[in-house]
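So the structure is just underneath, and the comments pick up after that.
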Amino acid sequence: MDDGWYRLAMILTLFIGIWQGPIAIIFRVFTDKEPSWLVAANYLPAPWCYIVAVAAGAFAFVVIAVLETRRKRAVAQTSA
């Protein structure tokens with residue numbers, strides 16, 4: 001994979017992580033909307049939905065860190 005694919009994967013992971021993490025919590029706390037597949041953590045009962053939303057955000061952060069490390073390694077290999 002080249003630099004562009006890594007960046008695309010990081011952007012998509014960031015979007016999904018933010019949407020399933022903080023946005024899911026915002027929908028749960030501040031709106032009366034029913035859960036949907038867009039905010040899947042909201043299908044869970046009260047304490048677990050927040051834990052899953054925070055875990056989804058943390059998991060996305062870890063995936064982004066791994067992708068950034070691999071992107072830097074790939075760029076270093078192509079420039080050498």
Side-chain angles (χ1 to χ4, degrees):
M1 270 188 352
D2 65 345
D3 183 46
W5 288 108
Y6 278 111
R7 294 212 185 254
L8 178 63
M10 287 189 296
I11 289 170
L12 292 175
T13 304
L14 177 67
F15 177 75
I16 292 169
I18 288 175
W19 195 264
Q20 292 299 326
I23 299 295
I25 292 173
I26 289 170
F27 272 109
R28 178 74 175 232
V29 173
F30 296 113
T31 67
D32 292 332
K33 289 186 175 185
E34 293 294 320
S36 69
W37 63 274
L38 292 172
V39 285
N42 289 343
Y43 281 110
L44 298 171
W48 293 106
C49 67
Y50 303 117
I51 294 169
V52 169
V54 169
F59 181 73
F61 179 75
V62 169
V63 170
I64 290 170
V66 169
L67 285 170
E68 178 65 19
T69 303
R70 293 188 71 188
R71 184 193 68 82
K72 286 180 181 178
R73 189 180 312 147
V75 168
Q77 285 178 354
T78 58
S79 66

Minimum heavy-atom distance between [X] and [Y], given as atom pair plus value:
X   : Y   : value
C49 : A41 : CB-O, 3.1 Å
P22 : G17 : CD-O, 3.8 Å
Y43 : P35 : OH-O, 3.4 Å

Calculate, to the nearest 0.5 Å, the distance between atoms [atom1] and [atom2] belonging to [X] and [Y] respectively.
X   : Y   : atom1 : atom2 : answer
I26 : T31 : CD1   : OG1   : 9.5 Å
W19 : L14 : CH2   : CG    : 13.0 Å
I11 : L67 : CD1   : CG    : 11.5 Å
Y6  : K72 : OH    : NZ    : 13.5 Å
R7  : D2  : CZ    : CG    : 11.0 Å

Shared ILVMFWY cluster between [X] and [Y], side chains joined below 4.5 angstrom?
X   : Y   : answer
M10 : L8  : yes
F27 : W37 : yes
V54 : I51 : no
V63 : V52 : no

What residue among V62, V66, I64, I18 forms side-chain contact (heavy atoms from CB on, under 4.5 Å) with T13? I64
Does OH in Y50 sit with more than 12 non-hydrogen atoms of other residues, nucleotides or ligands closer than 6.0 Å? yes
Please check this pair: side chain of R28 against backbone of N42, looking for a donor-acceptor N/O pair closer than 3.5 Å. yes
Between Q20 and G57, is there a donor-acceptor pair closer than 3.5 Å when you use the side chain of the first and the backbone of the second? no
Can you confirm whether V39 sits close enough to I25 that some side-chain heavy atom of one is under 4.5 Å from a side-chain heavy atom of the other? no
